[in-house]
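Notes for the one structure printed next.
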Amino acid sequence: MPTDIKFELSATDLGPHQNLNFNSSLSSLKIGIYASNGSGKTFLSRVIRCLDSNETTHSNKLISFGKNQSTFILKISNKDDPVKPTRTLQISLYKNNIPSSKNDTDYIFHVFNSDYVQENLELMSYRPNAEIDGYIIGKDVIDLTKEKFELESIEKDITLKTEQLKKTVEVHKKELDLLSINKGTTEYKEFNFDNIFFKKLKYETQDSFDDLKKQNTTLNKLPDDYEDIKKASFEANFDFLDSVKTHLLTKHNKSLFAEDFKNKIKGKHRFIEEGLRLKSNTSCPFCEQLLSEKAIELIDEYTKFLNDQEAKVINITANLIKQLEALKKQIETNFTNHLKIKVKFDELKSYLPSHKDKSMKDLQNTEIISPYFELIENCLNQKKDNIEKVTDLSILSQAIRAISTYISSSSSSIANDNQLISKINVTKDDLSKEKLAIKKKLCQAKYITTSNLLAHPIKEIKDKQIQLNKLKTEIAEKENKVKASKKAVVDKSFESFLNEFFAGKYTFDKENRCLKFKEQNLIENASDVLSEGEKSIVAFCYYLAESHKKVSTEDDYKRLFFVMDDPISSLDFHYVYSVAQ
């Protein structure tokens, strides 16, 4: 038998191995190492498992007592090996440090020992781990050079355009910084690339960014000592109009005094009344001349007339005319005051963006009711001239209704206006809310402007991404034709090995990741059902199946290097024979 392979094994301070040196010439790398219990075989398998470990506990458990470091070296020399005539594996262990290794063998080591069984099956109640990722690429080679070059080109283009877009967004955001907007404002924070690119926000604002900037500037010009706008009022007592109506619709009887005498008194009614009120018994209240008997008789006549019914009616009529004129004057004053308040309101709202669309209502001009006042006054004058005259009811009612409606309508409008005045005064006195509101709108308007400006380049990137995903799918589909899921291959192999050893007694439920015994899933009780020997066989089956996890291509199977530490423990002859096969 030819001896072309030289096998060297050495270990320093590895468990019981203080200074192990072994070398032999072999015809094959299928090697069996036999030794007594406790001689340290398991330490050799454990140190090789360190290739898959990043835990310091492995180092501490393997280093000999009283030592701080250990070294393991496996060297295989074969001059006929066309790839690597010399292959070396070196593992160094340092106390309280993770193992370090240098694997120059090009082999993929897969170790079976009691640690493997405990970690992969015993601690998991013999339920294999479901987290198996990756694929095994077949031998068939598909040339995807062109597709992958195109894929890389598209990815670079997307990256470049995305970076340019991000810079553009930041440039626009700096315009907000110039407006001293608090960076903690929600709308400011929401102004970012992701929200713009994916159109996450649906803002609506009627004003453009430039208009809002002007409004912000105007707002900051509002004087601190700007006075409150006084509320408007429309106080007007028109209850007496009912008395006017009654008075004008009543027919009174004339007195027996001569008409020329009555006309004389009517012409200077107020003068005579005042004189009679001030007169003394002997002298005139105005010129203070002594009164003659004839003058005294005339005064008596005046007194008798004024005490007469006709005079009383004339007096009532005169008072009603006076009240009517006062009402008209009050309405005109209210109208003028309202105009002044409206001017002040419009001036203040020009500073406040939140009120720019608010307006006090225009009262109807008093000219529309002037004819009605004239009509009623004419009727009263006619009544004063002829107390028997009765005014037409329909004409009188229309006039009074028009005046009453005007007053009621104006009062209602002013009540609404006063609410606007209260609100604008509150806004003026607390400008912080107003300033925050407009700065929020500035962020929203800039967001909308930037989104519209970048709509085309964003679409270009998204179209590129669609193209990229389509190409990735095509590449994946082509690669899938020559690759197999590691998980699927492991599961299938595990099922096959279980059937080979147990001939259907135990099967594998892939969905629930557990063993089955007579259609019963062994979820938590596998350790109670399996014998010790069966546990070893199940572990060995999974070990063999899991070798597929170690490879990435079919060629990797040639590189597998199996290390098995006592795979036939607790097995009867039948199982030992099966393992050997």
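Residue numbers run from 1 in the order of the sequence given.
- For the pair Asp211 and Lys356, the salt-bridge criterion is not met [side-chain N within less than 4.0 Å of a carboxylate O].
- At least one donor-acceptor pair closer than 3.5 Å links the side chain of Asn452 to the backbone N or O of Ile448.
- Between Glu460 and Lys161, no side-chain nitrogen of the basic residue sits less than 4.0 Å from a carboxylate oxygen of the acidic one, so the salt-bridge criterion is not met.
- Annotation: the span from Asn96 atom CG to Tyr94 atom OH amounts to 14.0 Å, rounded to 0.5 Å.
- Here the two rings, on Tyr447 and His172, have centers that are 6.0 Å apart or farther.
- Ring to ring, His548 and Tyr557 are close: their centroids are under 6.0 angstrom apart.
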Practice item. Apply side-chain hydrogen bond (donor to acceptor under 3.5 Å, both in side chains) to Asp555 and Thr553, showing your working. Key: CA-CA 5 Å; Asp555 287 338; Thr553 67; 5.0 Å; no
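- Between the Thr105 side chain and the Tyr107 main chain, a donor and an acceptor come within less than 3.5 Å of each other.
- A salt bridge links Lys428 with Asp228: the distance from a Lys NZ or Arg NE/NH1/NH2 to an Asp or Glu carboxylate oxygen falls below 4.0 Å.
- Atom CG of residue Asp104 and atom NZ of residue Lys84 lie 4.0 Å apart, to the nearest 0.5 angstrom.
- Surrounding NZ of Lys510 are at most 12 heavy atoms belonging to other residues, nucleotides or ligands under 6.0 Å away.
- With respect to the salt-bridge test (charged N to carboxylate O, under 4.0 angstrom), the residues Lys214 and Asp210 do not qualify.
- Scanning all heavy atoms of the two residues, the minimum distance from Gly40 to Pro16 falls at CA-CG, 3.7 Å.
- Looking at Ile5 and Ser27, their side chains never come closer than 4.5 Å, going by heavy atoms from C-beta outward.
- By the 4.0 Å N-to-carboxylate-O rule, Lys487 lies too far from Asp133 to be salt-bridged with it.
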Practice item. Determine, step by step, whether Ser70 and Asp13 satisfy the side-chain hydrogen bond (donor to acceptor under 3.5 Å, both in side chains) criterion, reporting the C-alpha distance in whole Å, the side-chain angles of both residues, the deciding distance to 0.1 Å, and the verdict. Key: CA-CA 5 Å; Ser70 175; Asp13 297 327; over 6 Å; no
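- The distance from atom CD1 of Ile48 to atom CG of Leu74, rounded to the nearest 0.5 Å, is 6.5 Å.
- The shortest distance between side-chain heavy atoms of Leu431 and Leu222 falls below 4.5 Å.
- The number of heavy-atom neighbours closer than 6.0 Å to NZ of Lys492, taken from other residues, nucleotides and ligands shown, is 12 or below.
- At distances below 3.5 Å, not a single donor-acceptor pair connects side-chain atoms of Asn525 with backbone N or O atoms of Asp528.
- A 4.5 Å side-chain heavy-atom check between Leu176 and Cys443 finds at least one atom pair inside the cut-off.
- In this structure the side chain of Leu498 reaches within 4.5 angstrom of the side chain of Leu515, judged on heavy atoms.
- Within the cation-pi definition used here (under 6.0 Å to the ring centroid, within 45° of the axis), Lys173 qualifies as a partner of Tyr188.
- Closest approach of Asn113 to Ser45, counting heavy atoms only: ND2-OG, 3.0 Å.
- Relative to the six-membered ring of Tyr116, Arg49 misses at least one condition, a distance below 6.0 Å or an angle of at most 45° to the axis.
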Practice item. Step by step, work out the salt bridge (charged side-chain N to carboxylate O under 4.0 Å, His left out) result for Lys156 and Glu152. Key: CA-CA 6 Å; Lys156 286 182 178 178; Glu152 183 180 357; 3.4 Å; yes
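- Relative ring orientation between Phe7 and Phe22 is described as perpendicular, the plane-to-plane angle rising above 60° on a 0-90° scale split at 30° and 60°.
- We find the OG-CG distance between Ser59 and Asn68 to be 12.0 Å, quoted to the nearest 0.5 Å.
- Remark: Glu190 does not engage Lys200 in a salt bridge, criterion side-chain N to carboxylate O under 4.0 Å.
- In terms of heavy atoms, Arg513 sits closest to Asn129 at NH2-O, 3.1 Å.
- One distance of note links CG of Leu571 with CZ of Phe501; it measures 8.5 Å at 0.5 Å rounding.
- Between atom CD of residue Gln465 and atom NZ of residue Lys470 there is a gap of 16.0 Å, rounded to the nearest 0.5 Å.
- Side-chain contact between Ser10 and Leu20: absent, with no pair of heavy atoms (C-beta onward) separated by less than 4.5 Å.
- Below 30°, between 30° and 60°, or above 60°: for Phe109 and Phe561 the angle between ring planes is between 30° and 60°, a tilted geometry.
- Between Leu471 and Ile154, the closest side-chain pair of non-hydrogen atoms falls below 4.5 Å.
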Review point. Between His110 and Tyr543, is a ring-ring contact (aromatic ring centres under 6.0 Å, His included) present by the stated rule, with each step listed?
Key: CA-CA 8 Å; His110 190 32; Tyr543 163 76; 4.2 Å; yes
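- For Lys349 and Asp357, the salt-bridge test fails: no basic side-chain N is under 4.0 Å from an acidic carboxylate O.
- The pair Lys167-Glu163 does not count as a salt bridge, with every side-chain nitrogen at least 4.0 angstrom from each carboxylate oxygen.
- With salt bridges taken as basic N to acidic carboxylate O contacts below 4.0 Å, none links Asp566 and Lys41.
- Within 6.0 Å of atom NZ in Lys440, more than 12 heavy atoms from other residues, nucleotides or ligands are found, so the atom counts as buried in its surroundings.
- Side-chain contact check for Leu530 versus Tyr506: some heavy-atom pair is nearer than 4.5 Å.
- At a threshold of 4.0 Å, the pair Asp157-Lys464 counts as salt-bridged, since one of the basic side-chain nitrogens sits closer than that to a carboxylate oxygen.
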Check your understanding: Should Asn21 and Asn23 be marked as a side-chain hydrogen bond (donor to acceptor under 3.5 Å, both in side chains) after you check the CA-CA gap, both sets of side-chain angles, and the distance that decides it?
Key -> CA-CA 7 Å; Asn21 285 289; Asn23 63 80; over 6 Å; no
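- One finds no salt bridge joining Arg46 and Asp565 here, because no Lys/Arg side-chain nitrogen approaches an Asp/Glu carboxylate oxygen to under 4.0 Å.
- Contact check on Asp556 versus Arg559 returns a salt bridge, with a Lys/Arg side-chain nitrogen under 4.0 Å from an Asp/Glu carboxylate oxygen.
- Counting all heavy atoms, side chain and backbone alike, Ser354 lies closest to Thr427 at OG-CG2, 4.1 Å.
- Lys462 forms a cation-pi arrangement with Phe197, by the criterion of a distance under 6.0 Å to the ring centre and an angle within 45° of the ring axis.
- At least one donor-acceptor pair under 3.5 Å links the side chain of Ser531 to the backbone N or O of Glu534.
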Point to revise | Pair Lys535-Glu532, salt bridge (charged side-chain N to carboxylate O under 4.0 Å, His left out): steps then yes or no | key: CA-CA 5 Å; Lys535 290 177 183 177; Glu532 292 303 313; 3.3 Å; yes
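- The pair Asp430-Lys435 fails the salt-bridge criterion, with no side-chain N (NZ, NE, NH1 or NH2) lying under 4.0 Å from an Asp/Glu carboxylate O.
- Annotation for Ile568: atom CD1 does not count as buried by contact number, only 12 or fewer foreign heavy atoms lying within 6.0 Å.
- Contact detail for Thr185 and Ile181: the closest heavy-atom pair is OG1-CG2, 4.2 Å.
- Other residues, nucleotides and ligands contribute at most 12 non-hydrogen atoms within 6.0 Å of the NZ atom of Lys213.
- Across all non-hydrogen atoms, the minimal contact from Leu93 to Cys50 is CD2-SG, 4.2 Å.
- Applying the 6.0 Å contact sphere to CG of Asp194 captures more than 12 heavy atoms from other residues, nucleotides or ligands.
- Taking the centre of each ring, Phe112 and Phe540 come in below the 6.0 Å mark.
- Here the side chains of Ile31 and Leu26 are in contact, with some heavy-atom distance below 4.5 Å.
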